Peer 1: 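This is the structure I have questions about; it appears just below.
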Number of protein chains: 2
Amino acid sequence: MEKIDDDDLKQQLMTQCHFESLFGPKLAQHAELLHFKTQEYIVENGIQPEYLFYLVKGKAKLYDSLANGKDTLIDFFTPPCFIGEMELLDAQSEPFSVQVIDDCYCLALPVRKYRSQLLSDPTFLQNVCIYLSHKNARNIKTASRNQGFTLSQRLAAFILLTAHNGYYNEKHTQVAEYLGVSYRHLLFVIADFVKAGYLQKDQRGYQIADQKALQRLAWEVNSSDN
Amino acid sequence: MEKIDDDDLKQQLMTQCHFESLFGPKLAQHAELLHFKTQEYIVENGIQPEYLFYLVKGKAKLYDSLANGKDTLIDFFTPPCFIGEMELLDAQSEPFSVQVIDDCYCLALPVRKYRSQLLSDPTFLQNVCIYLSHKNARNIKTASRNQGFTLSQRLAAFILLTAHNGYYNEKHTQVAEYLGVSYRHLLFVIADFVKAGYLQKDQRGYQIADQKALQRLAWEVNSSDN
DNA sequence: CACTAAGTATGAGAAATCTCACACTAGGAG
DNA sequence: CTCCTAGTGTGAGATTTCTCATACTTAGTG
């Protein structure tokens, strides 16, 4: 983590994501601009963060680490979003890990200094409430899908969701984590899709060869959305 | 659902769970006392509730219903807790089902009338924030356990958690839902426990016969807690 | 009393998923 | 250039979990 002392950049980012409107008067201006490199931890498992972060650029992921060494990927963070709000609200809580996927820029408020001010700021509280409730709803959806549908179904939905120009090109390791299955099993199901003619592999990656078949598989997953 | 017009009872329940301290001045007194019978829905899948509920007595469960007909049990509600706060915060959201397990009494504020007042009440907002973030943390823990551990491990932990006087006596159907596996599989694993001598069945239910073995199995699950 | 719904119980076979082992490739670091 | 790491890909076998079918018990209801 490094602090970036570029007020112009900071101002620009603040404007871009309407940072000031998240707080009551005069609070936003105390934010610092921080930068995190890929693989770095924004919040580390079990360690109380020093800041309340607001991700404005980059991409990160939320993990839960289990005692048996397994990690479960809970959610992705994409801008704009809060990070570390749980720990701000409840200093007792056990922080989950937040790890950077693509370089991240965060506007960050020092917790120690502004905690009490934040906790009595209705604008901020209302925004966090809404943010938390959306996040929770998303987590619930993801978790229940992981339980209720088979990998083929979820993968089909995921491929359709993330494909560009008819090509599917995601890192298998990350996808396996996200879909909550072993790497091996993911590869196995992808191989099935190729065998079944749903996908075709070439130099550029996996090409969608039978969109309708994938849609049929994904249908139930997606229609649980509303 | 039925409304209970018993001001004494209402007052008593309000005092018991410190209902008034959840809100700014004069808001709490507008709450009505509602009663729900077993199996009834407090919030129904996809239908915006008319109230913000605060469960003061009883027990209920939160479901997500998938398009393939499966239900995933997300969480239990035990008093005291909010119900319907997500829908209050964001009228667009898709409500999940909340179904009563044991008869429930709720203090309830009509959304239509008090929504804007609630959304600008810092005391209320702060309480909801903390509530939401705890709930979310619990959901994450449950979900990642369901993924990261085998049923034997989770069941062992669950048995130790819910046993009274050396006896395990929960409804298999509900437990299967909670642990996110099929009823059949749960019975299968319980049978295994009996075969292995961890449990013994008699008239009163399942008796814990080898606590140490169960603790060994549950160890990893529980030590992910902190 | 007969009927129904919910809970309990068990069998058999299939499907989904995991672990471990091994091999290959591409890119960055020294 | 060589080493190392991350990502990719495949095989074999074991484990976990699911579906379907079927049966018995119990409490509640008309």
Side-chain angles (χ1 to χ4, degrees), chain A residues 37-39 61 66 68-73 99-102 144-156 167-196 199-206 217 220-221, chain B residues 37-40 61 66 68-73 99-103 144-156 167-196 199-206 217 220-221:
Chain A
K37 292 208 192 72
T38 302
Q39 309 261 23
K61 54 187 176 178
L66 266 24
N68 62 0
K70 287 192 189 174
D71 292 324
T72 309
L73 194 164
Q99 193 179 187
V100 174
I101 299 175
D102 296 331
S144 65
R145 277 174 193 188
N146 282 348
Q147 287 224 344
F149 296 109
T150 188
L151 180 59
S152 325
Q153 297 178 289
R154 284 177 285 142
L155 180 59
Y167 273 89
Y168 168 71
N169 243 331
E170 303 293 321
K171 300 215 164 160
H172 295 156
T173 41
Q174 270 181 39
V175 175
E177 281 178 342
Y178 178 61
L179 296 177
V181 296
S182 68
Y183 174 76
R184 184 65 192 85
H185 188 52
L186 173 65
L187 270 281
F188 186 79
V189 173
I190 291 181
D192 268 1
F193 280 9
V194 174
K195 231 180 276 168
L199 296 177
Q200 250 174 320
K201 199 180 162 185
D202 61 32
Q203 320 76 8
R204 276 183 289 173
Y206 291 86
L217 261 177
E220 281 184 338
V221 180
Chain B
K37 291 208 193 74
T38 302
Q39 310 262 20
E40 250 188 302
K61 53 187 176 177
L66 266 24
N68 63 1
K70 288 192 189 174
D71 292 327
T72 309
L73 193 164
Q99 194 180 184
V100 174
I101 298 174
D102 296 330
D103 277 30
S144 65
R145 279 174 193 187
N146 282 349
Q147 286 225 342
F149 296 107
T150 187
L151 179 60
S152 327
Q153 298 179 288
R154 284 178 285 141
L155 179 59
Y167 273 88
Y168 168 72
N169 243 332
E170 302 295 320
K171 298 216 163 158
H172 296 155
T173 40
Q174 271 181 39
V175 176
E177 280 178 342
Y178 178 61
L179 296 177
V181 297
S182 68
Y183 173 76
R184 184 64 191 86
H185 187 50
L186 174 64
L187 270 280
F188 187 78
V189 174
I190 290 182
D192 268 1
F193 281 7
V194 174
K195 231 179 277 167
L199 295 177
Q200 251 175 318
K201 198 177 163 184
D202 61 31
Q203 318 77 4
R204 274 183 291 172
Y206 291 87
L217 261 178
E220 282 184 336
V221 180

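A note on names: the letters A, B, ... follow the listed sequences, proteins ahead of strands, and every chain is numbered from 1. Here the structure is a predicted model, which means the values were calculated and not measured.
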Peer 1: Do B/Y167 and B/D202 have side chains that get closer than 4.5 Å, going by heavy atoms?
Peer 2: yes
Peer 1: What is the distance from atom OG1 of A/T38 to atom CG of A/D102, rounded to the nearest 0.5 Å?
Peer 2: 6.0 Å
Peer 1: When you measure from the side chain of A/R145 to the backbone of A/R154, do you find a donor-acceptor pair of N or O atoms at a distance under 3.5 Å?
Peer 2: no
Peer 1: Grab the CG-C1' distance between A/N68 and D/dT16 for me, whole Å please.
Peer 2: 15 Å
Peer 1: Can you name the residues that form a side chain to side chain donor-acceptor pair (under 3.5 Å) with A/T72, not counting sequence neighbours?
Peer 2: none
Peer 1: Quickly work out the B/D192 CG to C/dG11 C1' distance and round it to whole Å.
Peer 2: 14 Å
Peer 1: Looking at residues 146-154 of chain A, who's got a heavy atom less than 4.0 Å off DNA chain C?
Peer 2: A/T150, A/L151, A/R154
Peer 1: Counting only heavy atoms not in A/Y206, do more than 12 sit closer than 6.0 Å to its OH atom?
Peer 2: yes
Peer 1: What are the atom names and distances for every N/O pair under 3.5 Å that joins the protein to nucleotides 24-29 of chain D?
Peer 2:
none

Peer 1: Could you tell me the separation between the OH atom of B/Y168 and the C1' atom of C/dT8, rounded to a whole number of Å?
Peer 2: 13 Å
Peer 1: Return yes when atom CD of A/Q174 has more than 12 non-hydrogen atoms of other residues, nucleotides or ligands closer than 6.0 Å, and no otherwise.
Peer 2: yes
Peer 1: For residues A/L155 and A/F193, determine if any side-chain heavy atom of one lies less than 4.5 Å from a side-chain heavy atom of the other.
Peer 2: yes
Peer 1: In whole angstrom, what separates A/E177's CD from C/dC18's P?
Peer 2: 13 Å
Peer 1: To the nearest Å, how far apart are A/F188 CZ and D/dT15 C1'?
Peer 2: 15 Å
Peer 1: Identify, with sequence neighbours excluded, every residue that meets side chain to side chain donor-acceptor pair (under 3.5 Å) alongside B/E177.
Peer 2: B/Y63
Peer 1: What does the list of N/O pairs under 3.5 Å between the protein and nucleotides 6-8 of chain D look like, with a distance for each?
Peer 2:
unit_1	atom_1	unit_2	atom_2	d
D/dT8	OP2	A/H172	N	3.0
D/dT8	OP2	A/T173	N	3.4

Peer 1: Do side-chain atoms of B/S182 reach the backbone of B/H185 as a donor and acceptor pair under 3.5 angstrom?
Peer 2: yes
Peer 1: Between A/Y168 and A/V175, does the side chain to side chain contact (heavy atoms under 4.5 Å, CB included) criterion hold? Intermediate values first, please.
Peer 2: CA-CA 12 Å; A/Y168 168 71; A/V175 175; 3.5 Å; yes
Peer 1: Between B/L186 (CG) and C/dT10 (P), how many Å, whole number?
Peer 2: 12 Å
Peer 1: Roughly how many Å is it from NE2 in B/H185 to P in C/dG13, rounded to a whole number?
Peer 2: 19 Å
Peer 1: Taking atom P of C/dT8 as reference, at what distance in whole Å does atom CZ of B/R184 sit?
Peer 2: 14 Å
Peer 1: Within the side chain of A/N68, is there an N or O that forms a donor-acceptor pair under 3.5 Å with the backbone of B/F149?
Peer 2: no
Peer 1: Shorter than 3.5 Å, N or O on both sides, protein versus nucleotides 27-30 of chain C: list them out with atom names.
Peer 2:
none

Peer 1: Is there a donor-acceptor pair closer than 3.5 Å between any side-chain N or O of B/D103 and the backbone N or O of B/K37?
Peer 2: no
